[in-house]
Structures are given as C-alpha cells and as structure tokens.
A.B. asks: 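The following block contains the structure, expressed as structure tokens.
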Amino acid sequence: MSGTPVITLTPIKNLNLLSYNPRTITTEAMDKLCKSLREDPDFLRNRPVLVNRVDGVLNVYAGTQRVRAAKKL
C-alpha cells in the first residue's frame, strides 16, 4: 500500500540532520536526553526518529535532538 510507514533500522551515521531545523536544546536538556538514552535501551524504539528518503538521503524531520544525543553518546 502506498504511503504506509515502513520501520527500518539504520546506522545513525546514515541520518542527515537538516540545517534549517529551528528547534534548539539547552545543555541541561541535552544532558537529560543523553541520560534517558543511556538508561533505557528501548528509548529510540519507543520514540522512533522519522525520516524522509529523498534521492537516497535519509533526512530527519522528527527526532533531530534524539539523533544529536545518540551521536553524542
């Protein structure tokens, strides 16, 4: 069926963070997010990052801060 979401596991290095994302996060909030990721192995499975594939590139449109925290860890 067209338009049906597909759940795919992919290495975090393959995710492209869009430069025009207006959201920011404080250092304190980033530290809390990193702690959550460390303490709960299923965190990203329960709150998946959403991406659009455009010309083979996986552009993150929801979950940018989670991706940044995961990369930081």
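Numbers for residues simply follow the sequence, beginning at 1.
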A.B. asks: Can you give me the closest heavy-atom contact between A70 and I12, atom names plus distance?
C.D. replies: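 Heavy atoms of A70 and I12 come nearest at CB-CD1, 3.2 Å.
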A.B. asks: If hydrophobic clusters are built by linking Ile, Leu, Val, Met, Phe, Trp and Tyr wherever their side-chain heavy atoms come under 4.5 Å apart, do V57 and V51 end up in the same one?
C.D. replies: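 No, no single cluster joins them.
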A.B. asks: Which pairs would a plain distance check flag for residues 15-32, meaning a side-chain donor or acceptor within less than 3.5 Å of a matching protein atom at least two apart in sequence or in another chain?
C.D. replies:
residue: N16; atom: ND2; partner: N59; partner atom: OD1; Å: 2.5
residue: N21; atom: OD1; partner: R23; partner atom: N; Å: 2.8
residue: N21; atom: ND2; partner: T64; partner atom: OG1; Å: 3.0
residue: T26; atom: OG1; partner: A29; partner atom: N; Å: 3.0
residue: D31; atom: OD1; partner: K72; partner atom: NZ; Å: 3.4

A.B. asks: Kindly write out the residues that satisfy side-chain contact (heavy atoms from CB on, under 4.5 Å) with D55, not counting sequence neighbours, or none if the list is empty.
C.D. replies: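 Residues passing side-chain contact (heavy atoms from CB on, under 4.5 Å) with D55: none at all.
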A.B. asks: Which atom names give the shortest non-hydrogen contact between L73 and C34, and what distance separates them?
C.D. replies: CD1-O, 3.6 Å
A.B. asks: Share the residues that join L50 in a hydrophobic cluster, the rule being Ile, Leu, Val, Met, Phe, Trp or Tyr side chains under 4.5 Å apart at the heavy-atom level.
C.D. replies: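 Members besides L50, by chain and number: Y61.
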A.B. asks: Hey, is the main chain of L44 close enough, under 3.5 Å, to the side chain of R66 for a donor-acceptor pair?
C.D. replies: no
A.B. asks: Cluster partners of V6, using ILVMFWY side-chain heavy atoms under 4.5 angstrom, listed by chain and number?
C.D. replies: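 Other cluster members: none.
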A.B. asks: Does anything in residues 39-49 form a side chain to side chain donor-acceptor pair (under 3.5 Å)? List the pairs, not counting sequence neighbours.
C.D. replies: none
A.B. asks: Taking all non-hydrogen atoms of both residues into account, name the closest pair between V49 and G63 and its distance.
C.D. replies: CG2-O, 4.1 Å
A.B. asks: Of all residues at least two apart in sequence or in a different chain, which pass the side-chain contact (heavy atoms from CB on, under 4.5 Å) check with P11?
C.D. replies: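 Result, side-chain contact (heavy atoms from CB on, under 4.5 Å) vs P11: K13, N14.
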